[in-house]
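To keep things clear, I will list the structure first and then write my remarks on it.
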Amino acid sequence: MAEMEVTFELAKENGITPEEWEKIHKILGRKPTYPELGIFQAMWSEHCSYKSSKIHLKTLPTEAPWVLQGPGENAGIIDIGDGWAVAFKMESHNHPSFIEPYQGAATGVGGILRDVFTMGARPLANLNGLFFGAPDHPKTPFLMRGVVAGVGDYGNCIGVPMLGGQVTFHPCFNGNNLVNAFTLGVLRGDRIFRGKAEGVGNPVWYVGSKTGRDGIHGATMASAEFSEETEEKKPTVQVGDPFTEKLLLEACLEIMADDFVLGIQDMGAAGLTSSSLEMAERAGSGIRIDLSKIPLREKDLNPYEILLSESQERMLFVAKKGYEKEILSVFRKWNLDAVQIGEVTDTSRAEFWFGGKKVADIPIAGIGDEAPLYDRPSAEPEELSEMRKLDLSKIEDLKDPGKEFLHFIGSPHLCSRKWVFTQYDQSVRTNTVQGPYHEAGLIRLKGTTKGIAMSLDVNPRLCKLDPRLGAASAVAESALNVACAGAKPLGVTDCLNFGNPEKPGVMWEFKEAMAGMREACLKLETPVVSGNVSFYNETEGVGIYPTPSIGMVGLAEDISKTATCFFKKDGAKVLLLGKRKGTLGGSLYLSAVKGLDKGNPPELDLDYHKSLINLMISLIGDGLVESAHDVSEGGLLPALAECCLSPLSDDLGASIDLKPGQRLDELFFGESISRVVVTADPESAGEVMKSAAAAGIDAGEIGLTGGKDFSVSIEGKRIFSLKISEIRTVWENGIDKILA
Amino acid sequence: MRVTVVQFLGSNCDHDVIQWSKDIFRMPTEVVWYTESDLRKPDLVLLPGGFSYGDYLRPGAMASRTPAIESVIDFAKSGGLVLGICNGFQILCECGLLPGALLRNSSLHFICRDLYLKAGNKKTPFTNKIPDGKLLRVPIAHGDGNYFCDEETAKALESEGRVAFRYVSPEGKIDPEWNPNGSMSGIAGILSEKKNVLGMMPHPERASDKALGCEDGRLIFESVISHLES
Amino acid sequence: MKARIYVFLKPKVLDPQGKAIEKALSTLGFEEVKSVRAGKFFEVETGDVPPGKEEETLREYCRKLLVNAVIEDYRIEVIEK
Amino acid sequence: MKARIYVFLKPKVLDPQGKAIEKALSTLGFEEVKSVRAGKFFEVETGDVPPGKEEETLREYCRKLLVNAVIEDYRIEVIEK
Ligand SMILES: Nc1ncnc2c1ncn2[C@@H]1O[C@H](COP(=O)(O)OP(=O)(O)O)[C@@H](O)[C@H]1O
Ligand SMILES: [Mg+2]
């Protein structure tokens with residue numbers, strides 16, 4: 001290849017700013033070569049450098065005695081006792097999934113799985129957060145079919161069960177759907193592997209698929225808005241190969257069982273560039289790589305392309321010298337090619353050679369420490385004050401409550417996600433105690449009594465109306481979900497999906513959301529151990545609502561003492577615990593039925609919420625409640641109906657009797673963050689009320705389980721009654737309306 | 001009873017069936033790699049489920065052309081008991097030990113859900129412990145479980161009592177609503193002529209532990225134990 | 001040698017994918033569509049094959065791996081010897 | 001009309017299936033195999049299509065459903081008008 005003349009013009013085309021251009025010269029003491037330009041561009045992209053988010057991310061709490069690995073590695077790790085630990089992380093694959101939903105989603109799952117098994121953990125559970133445009137938007141069915149099949153096929157093929165997640169529809173995602181993939185793995189706390197290039201002279205190995213022209217500039221693409229031009233970037237789409245990933249997973253775990261692997265890292269965004277530089281940076285070492293040794297899928301890749309290729313299913317690792325035979329024999333067993341491509345040096349520089357010529361030579365500290373950091377201007381978006389105003393007197397209350405309830409619960413926003421999660425293997429590896437139908441995913445840890453619970457939550461509408469409160473509420477809700485399964489929340493991973501950070505309004509949303517997450521995570525003692533930021537979720541200037549997805553992980557000491565949300569038998573008392581009064585501000589009802597994203601979202605008292613969480617854990621641990629379900633989007637009646645709709649048992653109804661004093665729509669569909677429906681034996685109900693009172697949690701009886709109908713009255717006066725079977729039909733078939 | 005589990009590249013339920021045999025039923029369990037020909041003298045061979053070779057080309061196709069499978073064929077021909085679950089069933093059809101083929105699910109989707117199975121013949125090595133009238137609740141998890149064979153074979157399967165399991169409604173009726181994948185007359189599992197080879201799409205190993213909610217799948221393993229003891 | 005191998009379902013075998021596409025096309029307004037059957041093909045490149053043995057070699061690939069004779073038929077096409 | 005539509009991955013796009021088949025064939029002893037790429041085809045039968053519009057109609061099927069233009073290309077072949 002002829003040396004490409006590097007000019008500022010070229011650099012600018014590649015998204016390098018004048019200040020960055022100057023910085024590059026200062027760092028190198030000369031003009032960059034073309035491959036070097038590519039390296040800076042990728043490493044300083046928003047996606048890799050976190051230049052707009054870093055100073056704000058630093059404010060998040062990341063420590064607790066049980067945190068074994070916080071942010072900065074491929075995944076975070078927490079200690080769950082008896083020497084066991086769990087590694088988990090969430091990552092977005094938003095832009096690729098919009099361009100090619102099937103492959104984009106599939107490779108997203110592949111990437112997050114690699115992040116977890118590189119730590120030495122066996123992946124045992126997945127969650128997925130999917131956000132699509134309006135149900136009736138013409139692209140929604142296409143995107144949904146592709147994304148769900150992509151997420152499913154990849155995880156199914158690898159054999160990691162999908163335990164839950166979220167599917168949200170809102171017009172703000174019309175031009176940018178979101179795919180957030182979460183993986184959790186289990187490992188021994190003293191067998192953690194990190195992405196470090198240690199020990200001068202040790203070989204650097206490359207293993208997995210060959211390198212092709214896939215996704216070159218993927219990292220930069222994820223850092224840019226969509227426009228007409230993006231169409232041209234289409235050939236960069238990566239294709240997932242779950243079979244190869246499965247081999248890679250098994251081979252890596254096998255090799256990590258020995259002592260000769262010192263550091264390992266997957267090649268994710270910005271491929272070989274970011275993985276090699278990050279490994280050297282973490283170890284404070286240098287690294288020399290011969291690009292001519294990289295296995296190629298096409299012969300004619302140039303150094304620039306090799307450095308930036310984002311071909312999937314590839315790993316980089318550093319091993320002690322002298323174990324070549326052992327290493328090769330493991331990879332041969334798994335039908336994988338492993339090659340030595342370089343070595344660890346003491347130069348603190350990254351050197352890349354090609355055909356006997358040095359093509360790039362960069363001081364590693366220069367990339368890491370000198371990476372640009374921005375404190376971008378922020379200002380509250382103007383539309384907010386108007387959006388927060390809500391005049392209920394202009395909104396008609398329910399006229400035919402039974403019919404309106406049925407319509408609401410059968411809408412795409414509230415209906416069963418069965419169409420989605422039956423496409424996911426939920427029970428492979430025989431650990432699944434609670435899968436997608438439940439409050440939280442829950443797996444048992446074989447050989448112990450422990451269970452690990454996990455939940456993924458965020459309500460973008462609340463985050464739009466009040467990003468601070470919305471982000472705190474996402475943490476609060478996911479923690480309450482985990483607690484309702486009977487587990488103690490211990491740690492958080494996040495996916496921070498936002499619009500263009502160069503817009504002050506978006507930056508304000510981001511800062512506010514960080515403040516809310518910080519408050520909630522501090523109060524609930526759930527440090528943030530890993531995560532990911534996805535900016536520029538905008539198309540033609542229109543951005544998404546701020547969507548900080550929260551992945552919460554918790555520990556149940558004894559899986560025989562957990563709960564599910566479903567009513568268990570006739571004659572149990574239905575109790576409502578917590579902030580019993582909901583409000584319509586920011587509610588799903590207003591949004592989905594009235595087309596209004598308006599009002600002040602429900603308040604969140606974090607101290608109160610924490611008491612409620614602790615109460616739930618002790619009620620379930622003491623076996624006082626038979627079922628527990630938190631009341632979230634949609635409000636009280638949908639939550640109660642869901643408790644009647646167990647997939648595996650016969651219809652079990654309930655008669656609900658509520659107190660007057662609110663409009664019907666508010667009483668039925670108003671939302672509040674800290675609210676749980678439980679059922680208890682008539683004998684235990686008193687105990688539950690007492691425990692609640694002792695914890696300072698409001699509690700009241702609102703009905704009885706039994707029969708085949710869902711009947712709702714107010715002070716004894718019947719408002720409506722529906723057959724459970726009728727509710728089930730509309731609820732289970734809601735998604736079909738979108739796909740038809 | 002000695003059990004051998006064959007592991008293929010990409011299998012992902014290998015671990016689950018090993019645990020089924022070894023931890024739940026405490027049977028001596030050998031794991032044989034696909035390149036090996038020596039099955040180590042088993043009484044029962046288990047072919048696990050889960051995407052050998054990524055299900056590329058056709059599910060089970062590549063796994064069925066391996067040295068281990070050649071030995072499994074010999075073992076089965078001499079009357080040995082072989083149970084293939086999910087991908088294991090697909091491998092058994094691909095290698096010719098069982099007739100017919102498993103096509104794409106009629107919905108074209110992968111499907112994972114609990115279903116009800118009715119045994120078609122209680123006098124086989126794999127079904128003898130299933131009580132009369134008992135339906136087994138067992139999950140499926142597959143994209144290609146739509147059983148197909150020619151008419152002649154179908155007749156033979158029926159008349160020779162070789163339909164091991166059918167998908168049925170909770171009331172035990174054959175019902176298209178409860179046939180998840182479009183399989184011919186609701187077939188979920190079939191037996192070889194001598195009834196020593198069983199292939200089934202549902203996963204009994206996932207329904208054999210109280211901690212996970214259901215133990216119906218145990219009956220299949222228990223049947224094998226009782227068959228070998230008698 | 002360069003060759004193409006076409007594999008298709010036997011006429012009597014149900015083709016769920018073809019059926020689904022048939023339906024989807026008519027839902028999209030292409031009402032003229034009467035039937036769709038799905039098949040697959042493989043483009044194979046090999047090193048030297050003994051002259052005259054090209055077809056035989058390809059048939060071997062089919063028999064040994066590429067085709068499930070219970071449900072599928074095939075056709076081969078040598079493009080370049 | 002009777003027609004065949006061949007759909008294949010663009011040359012630069014990874015074909016995991018082809019790769020796996022390639023390896024499997026050489027493991028089976030066919031060491032001469034250098035590369036395999038997998039594609040699919042559809043045999044379509046329709047009612048009357050306005051004469052001269054055959055190809056256009058088939059292209060519409062591809063655009064609207066059969067082909068994922070992001071990673072795939074296609075070729076059409078009208079067999080009988
Ligand atoms: N929002 C966040 N909160 C906490 N940690 C974060 C966040 N975003 C990124 N991190 C951490 O920064 C590191 C780099 O993340 P990322 O670039 O997404 O990983 P990868 O290299 O796998 O793409 C990871 O350790 C991740 O956990
Ligand atoms: Mg990583």
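We name chains A, B, ... by the order of the sequence lines, and we start the count at 1 in each one.
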Name the region of B/Trp20, side chain, backbone, both or neither, that has any atom closer than 4.5 Å to a heavy atom of chain A.
-> neither
By a 4.5 Å heavy-atom criterion (distance strictly below it), what part of A/Ile158 contacts chain B: side chain, backbone, both, or neither?
-> backbone
Distance only, no hydrogens: is a donor on one side chain within 3.5 Å (strictly under) of an acceptor on the other, for B/His227 and B/Asn128?
-> no
Would you kindly say whether B/Ser223 and B/Thr127 are connected by a side-chain donor-acceptor distance under 3.5 Å?
-> no
Region of A/Lys333 that comes under 4.5 Å of a non-hydrogen atom in chain B = both
Please check if the side chain of B/Asp74 supplies one atom and the backbone of B/Val72 the other of a donor-acceptor pair under 3.5 Å.
-> no
Contacting moiety of A/Ser427, where chain B heavy atoms sit under 4.5 Å | both
Of all of B/Thr35, B/Asp209, B/Ile140, which one pairs up most often with chain A through heavy atoms under 4.5 Å apart?
-> B/Asp209
Where on B/Asp55 is there a heavy atom nearer than 4.5 Å to chain A: the side chain, the backbone, both, or neither?
-> neither
Side chain / backbone / both / neither for A/Arg444 at chain B, heavy atoms under 4.5 Å = side chain
If we ignore angles and hydrogens, is there a donor and acceptor under 3.5 Å between the side chains of A/Glu245 and A/Tyr154?
-> yes
Contacting moiety of A/Asp241, where chain B heavy atoms sit under 4.5 Å = both
Which atoms of B/Ser107 approach chain A - backbone, side chain, both or neither, heavy atom under 4.5 Å | neither
Among A/Lys246, A/Lys418, A/Glu250, A/Gln423, which has the most heavy-atom pairs under 4.5 Å with chain B?
-> A/Gln423
So, the side chain of A/Thr449 versus the backbone of A/Asp558: is there a donor-acceptor pair under 3.5 Å, distance only?
-> no
With a 3.5 Å cut-off and no angle check, do the side chains of A/Tyr424 and A/Asp153 form a donor-acceptor pair?
-> no
Would you mind reporting whether A/Leu143 and A/Tyr102 have side-chain heavy atoms less than 4.5 Å apart?
-> no
